[in-house]
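Chain naming here is simple, since letters A, B, ... match the order of the sequence lines and numbering starts at 1 in each. Just so it is clear, the values below take in all heavy atoms, side chains as well, and ignore hydrogens, waters and symmetry mates.
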Amino acid sequence: MLRNLQIKDHGNETRLFKRRAIVAISVVIIMMLGIVARLIYLQIYSHQHYSTLSQKNRLKIVPLPPTRGLIYDRNGLLLAKNIPSFSLELIPEQVKDIDKTLERLGQFISIRDSDRAHFKRLVKQKRRFQSIPLRYRLTEEEVARFSVNRHLYKGVSIQARLIRYYPFGKEGVHTIGYVGRIDARELQRIDTANYSATTHIGKLGIERSYEDELHGQVGYQQEEVNAQNRTLRILDSTPPIAGKNLHLNIDIKLQAYADKVLGDYRGSIVAIDPRNGALLAMVSKPNYDPNPFVTGISVKNYSVLRDSPDKPLFNRTILGQYPPGSTVKPFIGLAGLDAGLANNSLFCPGWFELEGDERRYRDWKKHGHGETNLDKAIVQSCDVFFYELAKNLRITQMHKFMTQFGFGQKTGIDIIGELAGLFPSREWKRHKRGQAWFPGETVITGIGQGFTLTTPLQLASATATLAMNGLRFKPSIVQSMQGNENVEPVQQLATRYKSVLLKEPQNWQRVKRSMMRVMHSARGTARGSGRGAAYKIAGKTGTAQVFGIAQDAEYNEEEIDLRLRDHSLFVGFAPFEKPTIAIAVIAENGGSGGHIAAPIARKVLDAYLVGTEL
Amino acid sequence: MILDSYTAANRRRYSFAGSLHLDAPLIIALLLTAALGLVILYSASNQNEAIIIRQLTRLAVAFGVMMLVAQISPRQLRFWTPWLFAIGIFLLIAVLAFGEGKGAQRWLDFGLLRFQPSEMIKITLPMVLAWYLADAPLPPRPSRVIVCILLIIVPTLLIAKQPDLGTSLVIASSGIFVMLLSGIRWRYIFSAMIAAISAAPLLWYFMHDYQRQRVLTFLNPEQDLLGSGWHIVQSKIAIGSGGVYGKGWLNGTQSHLEFLPERSTDFIFAVYGEEFGLMGILVLLTLYLFIIARSLYISTQAQDTFGRLVGGSIAITFFFNIFVNIGMVTGLLPVVGLPLPLISYGGTSMVTLMIAFGILMSVHTHRKLLSQ
């Protein structure tokens, strides 16, 4: 083979290789310079950018929740506190098979379907590495059982959190309210930075209305974390500032007692200190235990509350709008005195007619009261006297006078959501109904029927104003706020509204004395409730029609449906000489005010003024 | 045999390294780099002493093998070359039939010994090409070039089939480097390059899904932040945040807080860049450049074509490994699983590498005086 015998030119091959080696080393150097250029780009030109990214990787800002302010009653009893609660939590990212894990956990920790549903919902909302509560309020036994088995459950842990607890349960719910998990709508409203560590927010009552004060200021902790998001050390921290403690005007024992004496009636009791507007008790019944709402009430239990015809969720003290019935009579009487129209007596035949009108307005007493003056009309609650007085006062004057006591207006109480009630006027009817005012409507307004609607709070507040001879205060639940345990509570000053001024101030006494005789005279409608009292009471009963009764129709209380029975009302204050408490009681469908509402009020007054029952 | 007493190597035996058939500058540079590697690994492994001891053992074994290989004369190496290559190909076929490994079949299990035949090909392919080309005058004629191409394609495809894209790339390259060094005319080389570039879409067609994903991720790493894009993004953050002087040894947050994946193996360069900065990297690159330059110099001093071509190919392949690894870690190249030579934690490739340097030293220290 000629080719194989070819003589190799060693010198030439060596030179050829050297040339190629020089090319090679040149290419190597050029490529290395390329690497260096890339590194200069990364490490010098983009250094700032990547440094920031590297910091972002390793630093985590963890918000620290502030401790929610406590709520005390006027005697320092705790109404809302924070109790440590052990909850079972899962980090979805670290749990392999969530369903299986839940099933296994269920063998020694009770997990209800509702817990499971709540958990599943949260899993969808939260990020994969966040700890999500499955069960709240583990018992000590459950904590112990889990602790023994914890090594078997990666990503499952027991967390101690503070949760809200209301020791008085249902007796405080309508006033104090409760906190619940922040929902989507609230999320829009709140300052997300300040709530970044907070899970619960005030939903109702004081908890909602004083949310900003109770919540406090979030704290922060800067942590170093690894790629698994595990905290390795704490670099820096700003402690949270706890929310303010609230001291209420409410006397929870009085409220609980009022709750008890209202018995099984649906209704409301509002007691107020007329000297400053401090609310002593606010009862709305039926009521319910707020504690399940804190950890998430089950759909079933919630719908029972929501669908109950007794409407337990409804706070009657500020939302219940009732016809005030005869309880307005002292106020109308005062309006009459101030206008100089109530000084004469008239003859009550048991009915009243407007001139040129066939319609008869009945008195509650079928055969009439006979000769009646203002005092008798209040003491015995004569309707005809007030029909006549209302006719003479006319609606405009009545509306103007009653508005001064707060009828038809919000009282300005420091919990959100109260309703204004209604005291009608010509303007109101024209605007809202598009109709002219009829004289007959003036007549029945005189006895608190017709369009007139009041809340129990309004009635109590107006009664307090009457007790104070026109001095009117804004009703308030919160007495003082306390930044922390070591500082003196800051008193909330009583807010005074414009006083009701009479042309002749002695007329206050005239009406109030008649109210006293409602309780303490032989013919008073509430004489039974005034008997044997250690102090003098002034009061007025009311029996408000729930539905219209056809003219001249007889009606038999026993025969009509319980829910269509009259509401039983009472307003009053005591002691007569120096009032320290004003009260409004409404027992829905209770019937006669004198028989039902007044005795209840007496018991509450006794409890507050004598104090043996508390 | 009489001439043996007149070998240049004989004169070199007066030096200690020479007497052991070793090249002192090269072995010092290799040892320095390996020592630097241990320092980096100590940090990258989160100060895991067990890992350091294992790596030290591997280094000792690898340097030992290197010294043994250096004792074998190039002539013997050349004699055994075709047989070793044939065995390598046979084992590659065997590994496709019986091999094991996660996701890809790369290993042969001989009971006590687990062995990657592709490592054997890494060394024997350049050798067999050099052996073949040394027979005839250089530059090679086209018919010989075609034989060479076949010799390259067969093992490359077999390894790509395992599938091990990184290794097949390295092996194909090492073969191509032999041919480039053999003096093929530049116009052929440039035509081949153009052909290769236009064949790139064909390569895409043959790729596995995970390989395609890697290429896509390389083109747009931010798109797949939780998947394989995470590697590139975190590695760039590590290097970039290191800056000029680095965060200091053991102070790299990206590596110590586990943001950086594969930090002891393929991505160890990012740990180094984060903790030692641009300055540290320049030191390492200088060491590498010295090793490459010294290896190329040794090749130019070789007395025969076989030694020259094998040596030159070893030098360039060494660089190719470095470039692909750093290119990958700095986001210049797609992620292919190639370790950083002498630094990354791992056994087989370290031994292969040191065998290659052993061959280089053998070439250098067995030169005969007369041939010069």
Side-chain angles (χ1 to χ4, degrees), chain A residues 1-10 12-60 128 224-233, chain B residues 134-139 141 177 180-183 186 230 233-234 236-244 246-247 252-254 256-261 273-274 277-278 281-282 285-286 288-289 292-293 296-297 299-300 302-305 308-309 312 315-316 319 322-323 326-327 330-332 371:
Chain A
M1 303 280 265
L2 190 69
R3 277 170 200 167
N4 283 353
L5 292 175
Q6 225 170 348
I7 308 273
K8 293 177 75 162
D9 182 347
H10 281 281
N12 189 34
E13 284 190 14
T14 312
R15 275 194 303 281
L16 179 64
F17 183 82
K18 272 189 181 158
R19 280 204 303 275
R20 289 286 160 117
I22 287 166
V23 171
I25 194 74
S26 311
V27 171
V28 164
I29 288 170
I30 289 168
M31 288 172 91
M32 279 212 172
L33 288 176
I35 291 175
V36 170
R38 174 65 174 173
L39 289 167
I40 286 172
Y41 170 77
L42 289 176
Q43 299 192 296
I44 296 175
Y45 181 75
S46 305
H47 173 61
Q48 207 57 48
H49 172 65
Y50 287 115
S51 276
T52 313
L53 289 179
S54 149
Q55 289 293 321
K56 260 207 221 154
N57 263 346
R58 83 181 178 103
L59 296 181
K60 190 169 77 169
R128 299 278 301 157
E224 187 177 63
V225 295
N226 67 7
Q228 285 79 47
N229 209 39
R230 185 170 297 131
T231 303
L232 302 178
R233 61 192 167 131
Chain B
D135 262 3
L138 294 178
R141 286 193 310 276
F177 296 147
L180 295 180
L181 290 168
S182 74
W186 288 111
W230 171 268
V233 169
Q234 293 303 331
K236 283 190 335 196
I237 292 174
I239 295 170
S241 65
V244 179
K247 295 177 185 170
T253 54
Q254 284 289 102
H256 289 282
L257 302 177
E258 297 163 37
F259 290 100
L260 195 62
E274 185 184 22
L278 185 58
I281 290 173
L282 289 178
L285 290 181
T286 308
Y288 276 147
L289 187 59
I292 294 159
L296 276 175
Y297 170 77
S299 312
T300 58
Q303 284 168 320
D304 60 1
T305 309
R308 272 196 293 271
L309 292 180
I316 302 173
F319 171 71
I322 293 165
F323 183 78
I326 297 181
T330 55
L332 285 174
S371 310

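- When only modelled atom types and interatomic distance are considered, S54(A) and K247(B) share a side-chain donor-acceptor pair under 3.5 Å.
- Among Q43(A), M31(A), R19(A), the residue with the largest count of heavy-atom pairs under 4.5 Å with chain B is Q43(A).
- Of the listed residues (L232(A), I35(A), V36(A)), the one with the most heavy-atom contacts under 4.5 Å to chain B is I35(A).
- Pairing each heavy atom of G183(B) with each of L16(A), the nearest pair is CA-CD2, 3.7 Å.
- Per-residue heavy-atom pair counts under 4.5 Å with chain A were compared for I316(B), D304(B), T300(B), I237(B), and the maximum is reached by I237(B).
- Contacts of E224(A) classified as salt bridge (charged side-chain N to carboxylate O under 4.0 Å, His left out), with partners at least two apart in sequence or in another chain: R58(A), R233(A).
- Considering only heavy atoms from C-beta on, I326(B) stays 4.5 Å or farther from R38(A) through its side chain.
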(request) Go through W186(B) and V23(A) one step at a time and tell me if the side-chain contact (heavy atoms from CB on, under 4.5 Å) criterion holds. (result) CA-CA 12 Å; W186(B) 288 111; V23(A) 171; 3.7 Å; yes
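- Across all their heavy atoms, L257(B) and N226(A) have their closest contact at O-CB, 3.1 Å.
- Side chain of R20(A) to backbone of L180(B): a donor-acceptor contact under 3.5 angstrom is found.
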(message) Before you tell me yes or no, could you show the steps for H47(A) and V244(B) under side-chain contact (heavy atoms from CB on, under 4.5 Å), namely the whole-Å CA-CA distance, both residues' side-chain angles and the distance that decides it to 0.1 Å?
(response) CA-CA 9 Å; H47(A) 173 61; V244(B) 179; over 6 Å; no
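- The distance from the CG atom of L282(B) to the CE atom of M32(A) is 10.5 Å, given to the nearest 0.5 Å.
- Looking at F17(A) and L309(B), their side chains come closer than 4.5 Å, going by heavy atoms from C-beta outward.
- For the set F177(B), Y297(B), F323(B), the entry with the most heavy-atom pairs within less than 4.5 Å of chain A is F323(B).
- Between I25(A) and A293(B), the closest heavy-atom pair is CD1-CA, 3.8 Å.
- When heavy atoms are compared at a cutoff of 4.5 Å, L53(A) approaches chain B by way of both its backbone and its side chain.
- With contacts defined as side-chain heavy-atom distances shorter than 4.5 Å, the pair T253(B)/N57(A) does not qualify.
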